Trainee: 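Attaching a single structure in structure tokens format; questions to follow.
Fair warning: this is a prediction, and the values are worked out from it, not measured in the lab.
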Amino acid sequence: MKTVVVGMSGGVDSSVAALLLKEQGYNVIGLFMLNWEENDASGACTADSDYADVRRVCSLLDIPYFSVNFAKEYSERVFRHFLDEYAAGRTPNPDVLCNREIKFGPFREYALSLGADYIATGHYCGIDHNADGRHYLLKAADGGKDQTYFLNQVTQPQLENVLFPLADLPKEEVRRIAVGRGLATAQKKDSTGICFIGERNFRKFLMEYLPAQSGKILTLDGEEVGEHVGLMHYTIGQRRGVNIGGKSGESGRWFVVKKDLANNILYVSHGDESPLYSKSCLVTGLNWIGIDPPKSPFECTAKLRYRQSEQRVTVMPTEDGADVIFADRQRAVTEGQYAVFYDEARCLGGGVIDKVIY
RNA sequence: UGGGGUGUCGCCAAGCGGUAAGGCACGGGAUUUUGAUUCCCGCAUUCGUAGGUUCAAAUCCUGCCACCCCAG
């Protein structure tokens with residue numbers, strides 16, 4: 001009997017993943033991972049209730065479970081970079097790094113050290129361990145939940161021995177299974193927010209780690225229209241939170257269109273969103289999944305932000321990355337986010353958006 | 001100080017005698033394993049202020065106050 005270690009977060013998805021593997025005849029072990037240590041007002045660790053759910057589910061499934069602490073690794077390999085990016089005025093995506101640096105890194109190694117033949121997660125995506133020796137990352141059947149965007153940085157060695165039990169299941173089906181089997185996590189609300197840090201007042205959270213410097217908000221014409229609370233608190237394309245009211249004679253909304261770190265100025269546009277549209281971007285830190293690094297230009301589809309529909313692009317490899325030319329101008333492409341490439345059902349990998357060309 | 005104009009929600013802004021539109025902002029929610037975007041809901045018993053006319057006023061009249069513009 002093959003042994004598989006399932007990364008369990010205490011949510012429905014990983015619970016059902018464990019359940020399915022158990023039904024498929026694997027020797028299943030649940031592994032809960034603590035990546036962020038913080039106590040709430042009453043002194044209780046905020047991850048305790050999640051681990052409690054993991055225990056309930058594992059008990060019901062009659063499988064052993066363990067807990068590991070990767071808080072130190074998370075802090076050094078994900079969170080630090082996250083803060084550096086904000087300090088640089090960019091908009092990082094820590095969850096992409098969390099997968100490469102933690103879940104498919106130390107976590108995977110630890111799981112295998114337990115004697116596992118496979119490791120599995122509750123990600124909505126699929127994998128094809130092809131006879132050609134390559135591991136192809138596939139989009140989830142449930143397009144609305146597909147999470148390959150967050151896995152664009154995982155490497156071939158990291159994908160070895162990996163199973164994604166939820167590949168073909170719509171979210172509703174996962175819920176249905178959980179309810180049908182009486183899993184404690186069946187009705188649990190989907191988690192959102194930065195994984196392992198969770199939902200919280202983002203501004204206050206960031207301010208605990210980075211100094212904020214307020215400054216002027218200007219229009220592209222140079223008119224002063226307000227004051228910002230620190231450039232790190234804004235992202236390109238953002239509307240809410242800018243705190244600027246009506247403008248004489250016009251009824252549009254204000255959008256963040258540019259950040260000038262050197263002068264600590266936030267630029268906004270009223271009504272007109274055209275300044276947000278760009279024609280290409282430079283991507284670095286490329287990781288290719290299941291294909292050799294391209295040497296010549298090719299066309300494919302790409303997501304420039306999670307939950308965006310795929311867009312047609314041309315990828316032109318360069319010395320240290322690629323120029324990605326958009327077939328149609330794209331709105332609010334943001335430095336620090338990832339450009340993730342697709343070829344039909346396959347996710348080809350991706351890289352960090354380093355510079356946007358308007 | 002003369003002459004003119006304006007004062008309606010934090011910001012724009014309708015209304016012009018019949019019992020306070022709308023937009024933005026803001027708050028809440030839905031969606032979402034990245035602060036967004038998008039969507040839904042909420043948001044002035046009150047119209048600078050004090051009186052008066054009227055069945056009825058933010059809308060008419062009068063005093064006062066504030067601000068703006070032109071004169072000087």
Trainee: Mind checking what makes salt bridge (Lys or Arg N to Asp or Glu O under 4.0 Å) contact with A:R176, not counting sequence neighbours?
Mentor: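 Residues passing salt bridge (Lys or Arg N to Asp or Glu O under 4.0 Å) with A:R176: A:E173.
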Trainee: Does A:L206 reach a base, just sugar-phosphate, or nothing at all? Heavy atoms under 4.0 Å.
Mentor: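 Base contact - A:L206 has a heavy atom under 4.0 Å of at least one base atom.
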Trainee: Under 4.0 Å between any heavy atoms, over every strand shown, what does A:V242 touch: base, sugar-phosphate, or nothing? Just pick one.
Mentor: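 The residue A:V242 makes sugar-phosphate contact but no base contact.
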Trainee: Please identify each residue that fulfils side chain to side chain contact (heavy atoms under 4.5 Å, CB included) with A:S67, with sequence neighbours left out.
Mentor: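 So A:S67 forms a side chain to side chain contact (heavy atoms under 4.5 Å, CB included) with A:F32, A:Y51.
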Trainee: Which listed nucleotide (B:U33, B:A36, B:U31) is nearest to the side chain of A:Q238?
Mentor: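 It is B:A36.
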Trainee: Checking A:Y338 against A:Y306 for the ring pair (Phe, Tyr, Trp, His ring centres under 6.0 Å) test, could you report, in this order, the C-alpha distance in whole Å, the side-chain angles of both residues, the deciding distance, and whether it holds?
Mentor: CA-CA 8 Å; A:Y338 287 79; A:Y306 178 58; over 10 Å; no
Trainee: Could you tell me if A:N130 and A:D128 have a donor-acceptor pair between their side chains, going purely by distance under 3.5 Å?
Mentor: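 The answer is yes; a qualifying pair exists.
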Trainee: Which part of the nucleic acid does A:K171 contact within heavy-atom distance under 4.0 Å: base, sugar-phosphate only, or nothing?
Mentor: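 A:K171: no heavy atom of the nucleic acid under 4.0 Å.
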Trainee: What's the closest nucleotide to the side chain of A:Q147 if the choices are B:A36, B:U33, B:U34?
Mentor: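 The answer is B:U33, which lies nearest to the side chain.
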Trainee: Below 3.5 Å is the cut-off: list the nitrogen or oxygen pairs between protein and nucleotides 8-11 of chain B, distance only.
Mentor:
{"unit_1": "B:C11", "atom_1": "O2'", "unit_2": "A:G246", "atom_2": "O", "d": "2.9"}
{"unit_1": "B:C11", "atom_1": "O2", "unit_2": "A:G246", "atom_2": "N", "d": "2.7"}

Trainee: Answer yes if the side chains of A:Y124 and A:D13 hold a donor-acceptor pair under 3.5 Å, and no otherwise.
Mentor: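 Their side chains do contain a donor-acceptor pair, which is all the 3.5 Å distance test asks for.
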Trainee: For residues 135-145 of chain A, pull every pair meeting side-chain hydrogen bond (donor to acceptor under 3.5 Å, both in side chains), keeping only residues two or more places apart or in separate chains.
Mentor: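 Found A:H129-A:H135, A:D132-A:Y136, A:K139-A:E310, A:K145-A:D190.
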Trainee: 5'-most contact on RNA chain B: A:G237 or A:G241, nearest heavy atom basis?
Mentor: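 First, find each residue's nearest nucleotide; the 5'-ward one identifies A:G241.
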Trainee: Are any protein N/O atoms closer than 3.5 Å to N/O atoms in nucleotides 38-42 of chain B? If there are, list each pair with its distance.
Mentor:
{"unit_1": "B:U38", "atom_1": "OP1", "unit_2": "A:R253", "atom_2": "NH1", "d": "3.0"}
{"unit_1": "B:U38", "atom_1": "OP2", "unit_2": "A:R239", "atom_2": "NE", "d": "2.8"}

Trainee: How many angstroms lie between OG in A:S49 and NZ in A:K188, if you round to the nearest 0.5 Å?
Mentor: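 Answer rounded to 0.5 Å: 5.5 Å.
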Trainee: Report the base-pairing partner of B:U34 (Watson-Crick or G-U wobble, both distances below 3.5 angstrom), or none.
Mentor: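 Result: none.
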Trainee: When you look at A:T148 and A:D146, which way does the side-chain hydrogen bond (donor to acceptor under 3.5 Å, both in side chains) test go after all the steps?
Mentor: CA-CA 6 Å; A:T148 52; A:D146 176 61; 2.6 Å; yes
Trainee: Which base, if any, makes a Watson-Crick or G-U wobble pair with B:G2, both distances under 3.5 Å?
Mentor: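 Pairing partner: B:C70.
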Trainee: When all nucleic acid strands are considered with a 4.0 Å heavy-atom cut-off, which category describes A:G252: base, sugar-phosphate, or nothing?
Mentor: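 Touches sugar-phosphate only.
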Trainee: Consider the side chain of A:R307, meaning its heavy atoms from C-beta on, and name the nucleotide among B:U32, B:U34, B:U33 that approaches it most closely.
Mentor: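 Closest of the options to the side chain of A:R307: B:U32.
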Trainee: Looking at A:Y338, I'd like to know whether one of its side-chain N or O atoms comes within less than 4.0 Å of OP1 or OP2 on B:U34.
Mentor: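 Checking A:Y338 against B:U34: no side-chain N or O falls below 4.0 Å of OP1 or OP2.
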Trainee: Could you name each residue pair satisfying salt bridge (Lys or Arg N to Asp or Glu O under 4.0 Å) that touches residues 59-86 of chain A, not counting sequence neighbours?
Mentor: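 Qualifying pairs, neighbours excluded: A:K72-A:E76, A:R77-A:E101, A:E85-A:R90.
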Trainee: Would you mind pulling out the nucleotide paired to B:C64, Watson-Crick or G-U wobble, both distances under 3.5 Å?
Mentor: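 Its partner is B:G48.
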Trainee: Regarding A:H270, tell me which of base, sugar-phosphate or nothing describes its non-hydrogen contacts under 4.0 Å with the strands shown.
Mentor: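 Counting heavy atoms under 4.0 Å across all strands, no contact is made by A:H270.
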